[in-house]
Amino acid sequence: MTVIDPETQAGWVPEADEVDEEEEMPLSLRLSIADTLTLGNATCGFMAVYFTTTGILIPHLTGSQESGMARHSAATAVILMLCAAVFDLFDGLVARKLRSSPMGAELDNLSDLISFGLAPAYFVLVYGMVADDAHQRVAAVGGIVVLLAVVLRLARFSCVTVKDGTFQGMPSPFGALTVVSIVLLELPFVATLMAIIGTAWLMVSRVEYPKPRGRLAGAMLSWIVLSMGLLAAWAFDAPSGQLLLQTGCALQLVMGAVIPLFATARRVNNFRGNRREARAAQLP
């Protein structure tokens, strides 16, 4: 029952109602379905670091020669990064279809930093410690470059508005998968380091990349599933597993180089088309 004060004409709400309102969780602390997927992204990134440490780095430091264990752990770490990319793909789709919480964008950036910044940078660092022809300190610099590129990219993404349907610079999930693909190709150290630095530059560049929507999202998901299959075949030493993995890694690098070329060519064609239309409009 609500009691009206005759002097103030204000309604007095019973004390129990006030307590209920105070105990109700603030909107900013409620997790949506999209936020749950984002947290799955962060979990996969952390577990990728875990498997890289326990399955590759620690056996190397303790003198273990179990190459199969290292191969399984490397494949597991990369598969977890691929799973993080799947979570990152679907949390955006779910957020557009359903309600997202006010902290969704912040959660997404923090999770991406773990899965696509820390995890691949740490993968590069460990590669520099265990590979025969690698240099640990130089590889550490390469890992730092990857991490800082993702940090700068995510910060710019939060501050800069670009036209709808495109990213400015290589998306961090695509960049992380390209970095680990370069490592798994087992190229000479100098070539590996230069390719990693080139990928980091693409992430902070202004080259336009299309956002994974519609058919492109389906194609990306299919490529991730195929990559997981190639990694599993390599991990379990299937016939031609090494060749299949190297083929997949090479295709990842080719896509990373070709997509910007197509985007640049499309932008040039659009610019030329606009100029022709402007000239045609000026003619009497």
Side-chain angles (χ1 to χ4, degrees), residues 42 44-82 84-85 109-156 169-205 231 234-235 242 245-246 248-250 252-253 256-257:
C44 288
F46 173 78
M47 292 305 296
V49 173
Y50 169 79
F51 278 100
T52 303
T53 302
T54 59
I56 303 176
L57 181 59
I58 292 179
H60 173 75
L61 295 177
T62 56
S64 175
Q65 300 298 324
E66 297 181 12
S67 59
M69 178 182 177
R71 185 167 62 247
H72 290 172
S73 298
T76 302
V78 179
I79 287 174
L80 283 167
M81 292 184 213
L82 290 167
N109 279 346
L110 293 172
S111 298
D112 286 354
L113 179 59
I114 296 172
S115 298
F116 311 125
L118 175 62
Y122 186 71
F123 198 80
V124 171
L125 173 63
V126 173
Y127 154 75
M129 299 178 68
V130 304
D132 295 333
D133 64 336
H135 301 277
Q136 179 178 339
R137 294 182 179 179
V138 180
V141 173
I144 292 173
V145 169
V146 172
L147 179 63
L148 294 182
V150 175
V151 170
L152 291 173
R153 171 176 169 70
L154 293 175
R156 186 179 65 183
M170 179 183 287
S172 52
F174 196 88
L177 299 180
T178 304
V179 166
V180 296
S181 296
I182 294 168
V183 174
L184 293 175
L185 271 176
E186 298 182 354
L187 300 171
F189 177 73
V190 175
T192 299
L193 185 64
M194 295 303 295
I196 289 173
I197 293 175
T199 303
W201 176 82
L202 282 174
M203 283 194 279
V204 297
S205 70
L231 285 162
W234 172 67
Q242 181 73 23
L245 177 68
Q246 290 181 344
C249 292
Q252 176 73 29
L253 266 66

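Nearest heavy-atom pair across A77 and T52 is CB-OG1, 3.4 Å. Minimum interatomic distance between G142 and L193 (heavy atoms only, all atoms of both residues): CA-CD1, 3.9 Å. Closest approach of C44 to L80, counting heavy atoms only: CB-O, 3.3 Å. Closest approach of V150 to D112, counting heavy atoms only: CG1-O, 4.4 Å. Taking each heavy atom of M81 and A48 in turn, the nearest pair found is CG-CB, 4.1 Å. For the pair A200 and A149, the tightest heavy-atom approach, listed with the atom from each and the gap, is O-CB, 3.6 Å.
Within the 4.5 Å cutoff, no side-chain heavy atoms of I114 are placed close to those of L110. You'll find the side chain of L57 reaches within 4.5 Å of the side chain of Y122, heavy atoms only. Using a 4.5 Å cut-off on side-chain heavy atoms (C-beta onward), V183 and I196 make contact. Looking at S172 and L154, their side chains come closer than 4.5 Å, going by heavy atoms from C-beta outward. In this structure the side chain of L82 reaches within 4.5 angstrom of the side chain of L231, judged on heavy atoms.
Atom CD1 of residue I79 and atom CE of residue M47 lie 13.0 Å apart, to the nearest 0.5 angstrom. Rounding to the nearest 0.5 angstrom, the gap separating the CG atom in L187 from the CD atom in Q246 is 8.5 Å. To the nearest 0.5 Å, the span separating CZ on F116 from CG on L177 amounts to 7.0 Å. With rounding to the nearest 0.5 angstrom, the CE atom of M203 is 7.5 Å from the CE atom of M170. How far SG of C249 is from CG of L185: 5.0 Å, rounded to the nearest 0.5 Å. Considering CG of L147 and CD1 of I144, their distance stands at 8.0 Å, rounded to 0.5 Å.
Under the ring pair (Phe, Tyr, Trp, His ring centres under 6.0 Å) criterion, H60 pairs with no residue, sequence neighbours left out. Checked against side chain to side chain donor-acceptor pair (under 3.5 Å), S205 has no partners two or more places apart in sequence or in another chain.
Remark: of the listed residues L118, V78, V146, V78 is the sole one forming a side-chain contact (heavy atoms from CB on, under 4.5 Å) with F123.
Between H135 and F189, the two ring planes are perpendicular [angle over 60°; tilted spans 30° to 60°].
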